[in-house]
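Report on one structure; see the data block that follows.
Nothing fancy with the numbering, it's 1 onward along the sequence.
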Amino acid sequence: MGTVVARPNDVAVLYPDSQRSRGHAHMTPTATVSRGRRADAVRNAEAIVDAASRVLAADPAASVQDVAAACGLHRATVHRHFASRDDLIHAVRVQAFSETQVELDRLAEDKSLDPMVALEKMALALFEVGDRYRIYRFTTTLGPGIDRQRDEVRAPMGVVIRRAQKAGQLRKDITAPLMVAAFGGLVFGMLPEVAGGLSGKKAARTVMAFMRGQ
């Protein structure tokens, strides 16, 4: 993965250095240099998080030194951005949620899609991102500081599920929030199967069979 996909509210979590000294109308030479340094800091942070996502997905026991080696930076540089391994893992988790959010929002906003088609595409997107990051292998998927993003990721699922219920495609005796929880649980539970070779498309079809009650 190349560029970090993050919404404005996530930038401070991933790259705190990038939030400093914004809003200056006049840039002095010193300020210009500082701005350049901040840009370098953001690029380094992006490289670190990208490397961490790859390294930890492959080796859940990987150290900060392993991540530093993978992105060609000194360990001390990594620690300037992320004080601990836990902080780095949190940044990876935030990035995974942010990347997921972009795709789920896009699918929920496309009202031309049949709701069940949209829901299956959401399942596929979750499998693709989930298998790329494999967060479940080295930390909890949810955790401190991630509640807001969890709710935001669930929101577009709820939108599509309500459409499907209104269209008579999903049962209505189970509330949309419970449907969202069941949908997410099915996806999460099948991630190891996808890691083991099951295709994302087949996994998504399996999830939809359960959602339909088939």
Side-chain angles (χ1 to χ4, degrees), residues 1-22 33-105 124-153 184 187-198 200 203:
M1 187 172 61
T3 303
V4 172
V5 180
R7 290 161 297 147
N9 289 339
D10 302 323
V11 175
V13 177
L14 287 171
Y15 318 125
D17 288 346
S18 69
Q19 296 298 292
R20 297 175 187 167
S21 302
R22 283 191 174 183
V33 171
S34 297
R35 193 174 190 179
R37 287 174 179 168
R38 287 197 302 277
D40 288 342
V42 170
R43 281 193 293 271
N44 281 343
E46 288 178 348
I48 292 165
V49 175
D50 283 345
S53 68
R54 296 191 305 272
V55 171
L56 290 167
D59 178 9
S63 66
V64 172
Q65 179 59 50
D66 294 327
V67 173
C71 58
L73 296 172
H74 195 278
R75 179 176 176 174
T77 303
V78 175
H79 279 302
R80 278 199 292 273
H81 292 279
F82 306 99
S84 68
R85 185 175 183 272
D86 285 345
D87 288 341
L88 181 55
I89 285 174
H90 178 67
V92 171
R93 188 165 48 192
V94 168
Q95 177 166 296
F97 269 75
S98 296
E99 188 172 328
T100 302
Q101 186 76 51
V102 170
E103 184 61 15
L104 297 190
D105 283 344
L124 180 57
L126 288 166
F127 282 125
E128 289 176 345
V129 176
D131 190 51
R132 183 159 59 250
Y133 284 88
R134 298 186 180 180
I135 289 172
Y136 66 91
R137 298 191 67 205
F138 55 86
T139 189
T140 56
T141 302
L142 301 177
I146 210 73
D147 288 349
R148 174 183 62 80
Q149 284 195 296
R150 175 202 61 194
D151 292 342
E152 290 179 355
V153 164
V187 170
F188 182 77
M190 291 187 67
L191 281 171
E193 302 302 319
V194 174
L198 181 69

What's the verdict on side-chain contact (heavy atoms from CB on, under 4.5 Å) for Leu126 and Leu104, showing C-alpha distance, side-chain angles and the deciding distance? CA-CA 9 Å; Leu126 288 166; Leu104 297 190; 4.3 Å; yes
Would you name the heavy atoms of Phe127 and Val194 that are closest together and state the gap between them? CD2-CG2, 3.7 Å
Check whether any side-chain heavy atom of His81 sits under 4.5 Å from a side-chain heavy atom of Asn44, and report yes or no. yes
Locate the shortest heavy-atom distance separating Leu124 from Gly200; write the atom from each residue and the value. CD1-C, 3.5 Å
For Glu152, is there any backbone N or O sitting under 3.5 Å from a side-chain donor or acceptor partner on Gln101? yes
Of all heavy-atom pairs linking Tyr133 and Val92, the shortest is CD2-CG1, 3.8 Å
Say whether Ser63 and Asp66, considering side chains only, have a donor N or O and an acceptor N or O under 3.5 Å apart. yes
Taking all non-hydrogen atoms of both residues, which atom of Ala62 and which atom of Val55 are closest, and how far apart? CB-CG1, 3.3 Å
Nearest 0.5 angstrom please: Glu103 CD to Glu128 CD, how far? 8.0 Å
Side-chain contact test, heavy atoms from C-beta onward, threshold under 4.5 Å: evaluate it for Val64 versus Phe82 and give yes or no. no
Please find the pair of heavy atoms, one from Ala68 and one from His74, that lie closest to each other, and give the distance. CB-C, 4.0 Å
Name all residues meeting the side chain to side chain contact (heavy atoms under 4.5 Å, CB included) criterion together with Ala57; count only those two or more places apart in sequence or in a different chain, and write none if there are none. Arg134
To the nearest 0.5 Å, atom CD of Gln65 lies from atom CZ of Arg85 at 13.0 Å
Apply salt bridge (Lys or Arg N to Asp or Glu O under 4.0 Å) to Arg150 and list each qualifying residue two or more places apart in sequence or on a separate chain. Asp147
For Ile48 versus Thr77, what's the shortest heavy-atom pair and its separation? CD1-O, 4.3 Å
Gln95 vs Asp50, side-chain contact (heavy atoms from CB on, under 4.5 Å): CA-CA, chis, key distance, verdict: CA-CA 9 Å; Gln95 177 166 296; Asp50 283 345; 3.2 Å; yes
Side chain to side chain contact (heavy atoms under 4.5 Å, CB included) filter on Phe188, not counting sequence neighbours, yields Tyr136, Thr141, Leu191
Any chance you could measure Thr139, atom OG1, to Arg93, atom CZ, to the nearest 0.5 Å? 4.5 Å
